[in-house]
Amino acid sequence: MPELPEVETIKNTLKRFLLNKTIENVSVYWSNIIKLPDDIEKFKFMLTGQTFQNITRKGKFLLFHLDDYMLISHLRMEGKYSIDDASTPIKKHTHVIFSLNNNEELRYNDVRKFGTMHVVNKGEELLNKPLNQLGPDPFDKDFTLTYFYEKLNKTDRFIKTVLLDQSIVTGLGNIYVDETLFKAGVHPLKKASRLSKKEIKGIQDQAILTLKEAVEQGGTTIKSYVNGQGEMGMFQQKLFVYGQENEPCKNCGRPIVKMKVGGRGTHVCIACQKQ
DNA sequence: CGTTACACCTGCCGGC
DNA sequence: TGCCGGCAGGTGTAAC
């Protein structure tokens, strides 16, 4: 589900509700969500009494900064957070509840149960799973053309596959990779090692521009993505190829083709994107 | 070590 | 109508 722009939007919404609120109780209804610590009772014990100092984002990960710990949350395909009054009935797919000191609750909902949570000591989060293998965030200063070129130049994988690899650059997912490659005029099946420096700069520039514009629009709403306040993103109105199979290309009018790349549905204009 | 296949889950949609 | 395969905004790990 969410990629960088959706996670950024969720982060900003949750900050308005959670900063300076204290966790008074934790309930877990599907323990496989909790990856660290191993023991669910320890997970609850660590978080109880902790206050939200800040919320940040690295790639598609949400980082809840508490007094002593960092709660690291990944929404994977379908994870959603909601802020509910404690009296609101729990939904079928609510798996974790953090009860706050204002009679409200932060609830984690996830139809497919793919999402993950890790709790680590504050300050150690970048050295350990799950953040230690991530490449730079696209908005970070260290996402330079030199870095990107060297990474792309030494792999024969398809460019689409490489852009989805979070150890190269973190935050792009299936929607924004397809949009980026279309705008850069590069075919998803082109081998990364065969891209020119100009093409790589085009991919980098279009990725950053696309993600920034999507953040401004509050993300993309497919099916039922909503932020923590029930607001939908609007970027789906600006999609050129994702979900546009058989629709005319907004650039040349030819039908958008859907294919499979690395097991992922992939949308391409075979006239505008050169292989 | 680099790369790919599969596992993890549920719901929905289209074809027979 | 009912069943079944395929698909979905992702990634950790086993296996090659």
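Chain A is the first sequence line, chain B the second, and so forth, proteins listed ahead of strands; every chain is numbered from 1.
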Could you give the distance separating C:dT11 and B:dC12 at their P atoms, to the nearest angstrom?
-> 24 Å

Closer than 4.0 Å, any side-chain N/O of A:Lys260 to the OP1 or OP2 of C:dA8?
-> yes

NZ/NE/NH1/NH2 to OD/OE distance under 4.0 Å, A:Asp156 and A:Arg194 | no

C:dT13 OP1/OP2 closer than 4.0 Å to side-chain N/O of A:Lys129 = yes

By salt bridge (Lys or Arg N to Asp or Glu O under 4.0 Å) - contacts of A:Lys91 (at least two apart) = none

Compare side-chain N and O positions of A:Lys60 against OP1 and OP2 of C:dG10 and report whether any pair is under 4.0 Å apart.
-> yes

Can you figure out which of C:dG10, B:dT3, B:dG11 approaches the side chain of A:Arg157 most closely?
-> B:dT3

A:Arg112 side chain near B:dG11 phosphate (N/O to OP1/OP2, under 4.0 Å) | no

Choosing from B:dT3, C:dA8, B:dT10, which nucleotide comes nearest the side chain of A:Thr155?
-> B:dT3

Rounded to whole angstrom units, what separation is found between the CG atom of A:Asn132 and the P atom of C:dT13?
-> 11 Å

Intra- and interstrand pairs of DNA chain C - dot-bracket, Watson-Crick/G-U under 3.5 Å, | marks other strand = .|||||||.|||||||

Give one of base, sugar-phosphate or nothing for A:Asn32, where a contact means two heavy atoms less than 4.0 Å apart.
-> sugar-phosphate

Aromatic ring pairing A:Phe52/A:Phe64, orientation class (parallel under 30°, perpendicular over 60°, tilted between) | perpendicular

A:Phe158 atom CZ is separated from B:dT4 atom P, nearest whole Å, by 8 Å

Closest of B:dC9, B:dT3, C:dG12 to the A:Phe61 side chain is C:dG12

Can you tell me how far C1' of C:dG12 sits from CG of A:Leu75, to the nearest Å?
-> 17 Å

Output the single nucleotide from C:dT11, B:dT3, B:dC9 whose closest atom is nearest the side chain of A:Lys113.
-> B:dC9

Would you classify A:Lys154 as touching base, sugar-phosphate or nothing, given that sugar-phosphate means primed atoms plus P, OP1 and OP2, and contacts are heavy atoms under 4.0 Å?
-> nothing

A:Lys92 side chain near B:dG11 phosphate (N/O to OP1/OP2, under 4.0 Å) | yes

With a 4.0 Å cut-off on heavy atoms, is A:Tyr242 in touch with a base, just the backbone sugar-phosphate, or nothing at all?
-> sugar-phosphate

Quick note, A:His74 side chain, CB onward, closest among B:dG11, C:dG10, C:dA8 is C:dG10

Reckon A:Lys35 touches a base, only the sugar-phosphate, or nothing at all at heavy-atom distances under 4.0 Å?
-> nothing

Check every strand shown and say whether A:Gly265 touches a base, only sugar-phosphate, or nothing at a heavy-atom separation below 4.0 Å.
-> sugar-phosphate

When the distance from CG of A:Leu134 to P of C:dG12 is rounded to whole Å, what number comes out?
-> 8 Å

Contacts of A:Lys190 meeting salt bridge (Lys or Arg N to Asp or Glu O under 4.0 Å) (sequence neighbours excluded), chain-then-number -> A:Glu199

To the nearest angstrom, how far is A:Lys80 atom NZ from C:dA8 atom C1'?
-> 11 Å

Hey, is the side chain of A:Arg76 poking within less than 4.0 Å of OP1 or OP2 on C:dG12, counting only N and O atoms?
-> yes

A:His95 atom NE2 is separated from B:dC8 atom C1', nearest whole Å, by 13 Å

Find the distance A:Asp110:CG to C:dT11:P and express it as a whole number of Å.
-> 13 Å

Basic-acidic side-chain contact under 4.0 Å: A:Lys238, A:Glu213 = yes

A:Lys122/A:Asp67 ion pair, N-O < 4.0 Å | no

Euclidean distance for P, B:dC9 against C:dC3 (whole angstrom) = 24 Å

Evaluate whether the aromatic ring of A:Phe114 and the six-membered ring of the C:dT11 base sit under 5.5 Å apart, centre to centre, with an inclination under 30°.
-> no

From CA spacing to verdict: side chain to side chain contact (heavy atoms under 4.5 Å, CB included), A:Gln50, A:Thr48 | CA-CA 6 Å; A:Gln50 296 281 311; A:Thr48 301; over 6 Å; no

Indicate the ring-plane relationship of A:Phe61 and A:His74, choosing parallel, tilted or perpendicular according to the 30° and 60° boundaries.
-> perpendicular

Touch check for A:Thr116, heavy atoms < 4.0 angstrom, all strands: base, sugar-phosphate only, or nothing?
-> nothing

Cationic N near anionic O, under 4.0 Å, A:Lys183 to A:Asp205 = no

Which whole-number value in Å describes the distance from A:Lys191 NZ to B:dG2 C1'?
-> 13 Å

